[in-house]
Student: 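Take a look at this one; I'll ask things after.
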Amino acid sequence: MPAWNFSNFFTVKESLAFMFEMASLREDALREYDELEQIYTEIVNVPHANVLEFGGLDAGDDCAALLDGTRKSVNQFAADGAVREFDFRQYLFSRQASLLFDLQRPAEVSGRGHSFIISFAKILTQHEKELPFCMREIWVITACLTLVKATSQRFSASIVSQGTVKDFHRLQGDLYSYARTKLMRLADLIGYGHNIETSPCNSAALSMLPWPKPAVWPAVPSDFSLIQAKEEVSPPKLSEGFGRFRRQLSLSPTVLLREANRRRSSLSVGSLAEMLDLSRLSAKESPAADGAGDPLPTLTPEASNSEVHSSTPETLKNQMSIEPPMKLPEVQAAAEHALLTSISDETLRKALSSVEGFEDLFLDLTRSAADNFHRSWRKRHGLVLDGEVAAVHYRRGALDAAAKLYEKVCALYGSEGWHALLVQVLPRLSECQKKLSDWAGYLSSCIKLLSLDPGCISGEDRRSIQTEIVKLAHGGLPVPVSLDVSTLITFAARGGPPLELCEGDPGTLMVTLWSGFPEDITLDSLSLTLVTTFTADEGTRVVKSVDTPVLKPGKNVVLMTLPPQRPGSYVLGVLTGHIGHVILRSHTYCTTSAASSKGGPPDSDDYLSNEKPIRIVLEVAKPRALVEIKPAIAKGLLFGEPQWVGLIIRPLGYSLEGAHVHISAGPNLQFMANQIALLDVSKAPQAEANAQLNTDTDGAISEFQNSHDILDSSDSFNKDDHLSGKINLDADVPQQLQMKDGSLELPYWSRMVTSVLWIQVKADSDDNSISHFSGDPHLFSPPPSPKKVPSITSDSQLQDLVPAADLVSESQLNGNLGQGHVPSNGKFVSRFGMNTLKVKMEFGVSRNRLYERTISLQFTHPFRISTRIVSRGNDGRFLLQITLNSQMASAVTIKSANLVLQPGFAHVNNHEGYPTPSWLLPLSVSALSECALLFAIRSDSVTTKDGDCLLGNGSGASHQRQDSEDLYYELKANEDYWMIAGRRKGFISLSPSVGSRIVLSMACVPLVAGHVHPPALRLVNIGRAHVSRSPAGPHLVCILPPAPCSALCIRKGI
Amino acid sequence: MIVCVAVVGHNNNPLYLQSFVDDDNTLKFHYIVHCSLDVIEEKVSNSKRAGVNLNETFLGLLYPTEDYKVFGYMSNTKIKFVLVTTDHDLRDADVRNFFRRLHGAYVDAASNPFHVPGKRITSAAFAERVSNVVKTFGFGAAA
């Protein structure tokens, strides 16, 4: 039995696979090949295995044959029991691929192919020294392109699932970008590096990818024109605009020169001289552009020398070598020459033979990769490659296409906050937009540049960008441009509770604003919209800043003028600033986060989060009562005396700062327009209780009661002390205020405090009307004297008149006189007078609010008085009880009382009108209670010459005959009904003195029951009209004398 | 050798990115990490679509390229940790262990009351801890 070798085994397995394939058992055939592959891998990895050489040295081997199983016959690479790895692996894969294609699984070919290419590239790296120059790169490029072409031809998206389609496109994209990377490596090697964008993407792909490491670097071609051509290559001039702060990234892992010289056939490893040629290095590391400004320090030769010395000490040892090392153009020319002669793939050779050809293929690969990535899940891969396409467009001057692609890339980086990557593409975009005169886009890009993370752009550049924006704004813009500066300018309301305003009040809103501009920026105007939260109407109000704001970098505080607003809750909306033709709009508002509270600008990451907490900044309350004025005492004021009237001014959660109070008096009320008023703090619980009682009916007001009380106690007295200048409540109040023309201004401290304004009024005692009290309809002429009746003149000292006694104790109301009026008919008179006081208050922020109220004040006499004769002696003496009904709400002390009598009466015992007993006084009368004084009175003998007491018991007729005038009288009565005792007719004489009286008593006894007409008194020569009988009945008949006649009164049957 | 470690927030915004190679060209790592988010999303959405509840925070190898490897790890708060390494043969357990320690360091950094969630991690203590984790990674692999 022959010894087992792989070649035989392979022959057997493959024949089996062929048979399966012919029987359409392709799955089984595929399994055979899979097994073969596995076994082969095991054999190859066995150390000291009997393997042939690697292969890959034949002509055309650089062109991948991974799908072409017929290029070489199996005999060619399988002999002596072993196979050439290079060919065999490709052959195996081509067989697998063709079976998979037959199985309609092109996606699987793609997947397997991708990993096959990667692993095969690794194998090629291991054998790089044996292989032709750059064979690995060329093989990978051709393999990828072949695979992509074959699979996409056979792939049909309709027969596979969505996921598979995406996965397929992902693989295609991967293959394209793999080929693209290798192409870039080759291009860089032969000196097309200037045409490769130094983007992070390319840098990531290339900088970790080693240079080709052939055993011997290709020799310098004899044609010097090639070298000269390389020497003449200069970086293409690109106008970069803000591109100077793009980072220049290295694309090469190490310096190519060193790599190349180390592998020269002459073994002259890199010397010092070669390192001095820094053209390549500086071309890589200095900006490829205009050289307008180079932020990166260019390495000086000395500096790089020392670096080289320290890093590669072995170079020093080889300094003695004779042959001069290759210069960079030589290296590139050699590489190019070697490549162009060895490449068998026509497309690739064409691409590498000119810069334009390279760019075309590069663009093609990049675009295809991006396209495929877009069709898979990898949008970031796709967009980044779009950026690479855009770079080529940009270099070729197709700015429109470049701008469109750059916009997409910038949007991606910006939305995810990758500012380090964004700063690499945004300047390009801005440059495109500037050249295309897309001013809105250009300004927006500038704003984005300014709002990048600190550190991305230097301060100087930021300042120049700002200058650019301002310059454009003030001229050069054909149309106004609206810019969203949400990432650059953020704003927030001040912390704490929202500003509370009453409906219709103007106000100012403090807004904190963070400016991300590097320098002060002067805005023409600044406005802010306020958005209502819950109302469905239009809902936005625009408020403007107080003055033209200059925004400093960092935190600014701007005051916004609030015109009167409708009721509702408002949140901050959009901030709008104007600079020339540019409108800056900012939508973000941030809460007081940890970052912003520290004073720093809130991170622009804020706009990434969707949850924006709604914070109400302004509450405009519904219309309501804002102040309440009521009298402290409305009742019990005294007629005729100057009275202190207290007006309780109660602010209902509203500041009365600068409020003006106008007071005018109604009729019958005297009010001194210029007087010293007193303002006191209302703290009396009684007054408070009264207020509570009175406002109970008014639900709206009593709602505010509690909050108001709290405000009173805590807010006004504690918090605002520093504003009010610390009122010493004991010393400073009541404060004297000068009232002018009935108006005064409330002091500052009283703006939130319930205060009492005391003013003095005096109600006219309408004594003139007293004469009408009796209301006798038969009285035609005015009475001769208003004082017909005994009147009390009390000089009671009225002290402590006001109920809130402690409040006015200092004012010492000294009511001097209290007067009681005893009506003539002996009945008490209840007499009140309602007077009004008009109070008008102008208050509010601009004194635009008006509160008007008419306050009714009830004036009264201190006492209601009624009299009664309590006891009567036979000697004409009697005791008169005078009942005093206190009308006042406080206790009154009557210190003395004096009863002044009419002539005809006199006080008994000559008491001078003082009550009996005299020790009764002073007498304290409590509020609303009554007391009585007794006076002993007798008829005065002065007017009765005969000595008869006029106040007789009526048992007999009394008459007097005077010289002057006799009066005939006659009493007529129906004798059937009346029995009359006494003289029915006769003469009486009247005394000529005023007020004299005669009492004629006659007893009339009715004889029948029922209603009878009373006896009529007839007086001769006196008209009926002069006789009054009121009320009709056996009571008093009053006869009024004719004009010259003196008065007379007949009193009967008291 | 670990060349780069990155922490990416749940909005795919970079929270922390540190390269551990000498050259100042960190931008390429920004690119690599940023693009690896595609793969992370792909893995997560694929497993979701397949109905597999992804309890595993370790996402495994994201990029099988020729030159470097990218590993991913995602916390249940969608914080992604990305590791870029040039080592060719790594043990899965080592990488897992590395991510667990990195995750722990992140949790501690995020627990700092002065750290604003969603913002870049500027804590020096975190940076030091990460570099410690990176340094000991090699030893862990050797041991």
Side-chain angles (χ1 to χ4, degrees), chain A residues 114-115 117-119 121-122 125 140 162-163 166-167 170 174 178 181-182 198-210 247-250 253 296 373 376-384 412-413 415-421 423-424 453 593-595 598 602-603 605-606 608-610, chain B residues 1 3-4 6 8-15 17 19 21-50 61-70 80 84-86 88-89 112-120 122:
Chain A
H114 185 237
S115 30
I117 291 171
I118 288 175
S119 61
K122 281 180 187 164
T125 310
V140 168
Q162 181 75 15
K166 295 211 166 192
D167 210 36
R170 195 257 302 164
D174 275 342
Y178 195 18
T181 308
K182 294 291 178 190
T198 56
S199 64
C201 165
N202 294 342
S203 177
L206 292 183
S207 64
M208 284 189 281
L209 192 67
R247 298 280 293 279
Q248 293 305 314
L249 307 171
S250 66
L296 291 177
F373 280 134
S376 70
W377 291 288
R378 303 196 169 174
K379 58 169 184 176
R380 291 181 187 83
H381 284 74
L383 279 169
V384 167
L412 172 75
Y413 286 151
S415 68
E416 295 186 337
W418 291 80
H419 288 179
L421 296 172
V423 78
Q424 297 297 308
D453 279 349
S593 69
K598 277 185 270 177
D603 250 25
D605 288 350
D606 263 4
L608 289 174
S609 73
N610 296 321
Chain B
M1 187 182 82
V3 290
C4 176
V8 181
H10 74 284
N11 284 316
N12 292 332
N13 50 321
L15 297 180
L17 196 147
S19 76
V21 286
D22 288 338
D23 75 356
D24 59 345
N25 183 5
T26 54
L27 268 177
K28 63 183 176 194
F29 296 120
H30 279 265
Y31 159 78
I32 291 168
V33 172
H34 182 239
C35 279
S36 69
L37 295 176
D38 267 343
V39 190
I40 292 175
E41 275 178 11
E42 196 177 299
K43 289 210 172 208
V44 172
S45 70
N46 273 352
S47 68
K48 236 181 237 166
R49 201 172 305 129
L61 184 64
L62 304 178
Y63 270 127
T65 66
E66 208 180 321
D67 324 300
Y68 55 85
K69 289 183 172 177
V70 183
K80 293 112 185 164
V84 185
T85 172
T86 50
H88 281 292
D89 36 351
N112 180 350
F114 296 103
H115 170 71
V116 183
K119 302 282 187 286
R120 282 177 175 281
T122 49

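Just so we're on the same page: letters track the sequence lines, and every chain starts at 1.
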Student: Return the CZ to CG distance between B:F29 and A:L421, rounded to the nearest 0.5 Å.
Tutor: 13.0 Å
Student: I need the B:Y31 OH to A:S199 OG distance, nearest 0.5 Å.
Tutor: 8.0 Å
Student: Within a strict 4.5 Å, meaning less than it, do heavy atoms of the A:L206 and B:K28 side chains meet?
Tutor: no
Student: Roughly how far apart are B:N13 CG and A:Y413 OH, rounded to 0.5 Å?
Tutor: 15.0 Å
Student: If you measure from the Lys or Arg side-chain nitrogens to the Asp or Glu carboxylate oxygens, is any gap between A:K166 and B:E42 under 4.0 Å?
Tutor: no
Student: Compare every heavy atom of B:R120 with every heavy atom of A:G417, then report the nearest pair and how far apart it is.
Tutor: O-NH2, 4.4 Å
Student: By a 4.5 Å heavy-atom criterion (distance strictly below it), what part of B:L37 contacts chain A: side chain, backbone, both, or neither?
Tutor: both
Student: Test side-chain contact (heavy atoms from CB on, under 4.5 Å) on B:N11 and A:E416; report intermediate values, then the result.
Tutor: CA-CA 7 Å; B:N11 284 316; A:E416 295 186 337; over 6 Å; no
Student: A:L412 and B:H34: side-chain contact (heavy atoms from CB on, under 4.5 Å), yes or no, with the steps?
Tutor: CA-CA 10 Å; A:L412 172 75; B:H34 182 239; 3.5 Å; yes
Student: Working to the nearest 0.5 angstrom, can you tell me the gap between A:S203 OG and B:I32 CD1?
Tutor: 8.5 Å
Student: Is there side-chain contact between A:V384 and B:C35, with heavy atoms separated by less than 4.5 Å?
Tutor: yes
Student: With a 4.5 Å heavy-atom cut-off, do A:R380 and B:E41 have their side chains touching?
Tutor: yes
Student: B:V84, B:V33, B:V3: which one forms the most heavy-atom pairs within less than 4.5 Å of chain A?
Tutor: B:V33
Student: Please list, chain by chain and in numerical order, all residues satisfying ring-ring contact (aromatic ring centres under 6.0 Å, His included) with A:F373, sequence neighbours excluded.
Tutor: A:H381
Student: Side chain from CB out, backbone as N, CA, C, O: work out which of these in B:V8 comes under 4.5 Å of a heavy atom of chain A, or both, or neither.
Tutor: side chain
Student: Measure from the side-chain N and O atoms of A:W377 to the backbone N and O of B:K43, and report whether any donor-acceptor pair falls under 3.5 Å.
Tutor: no
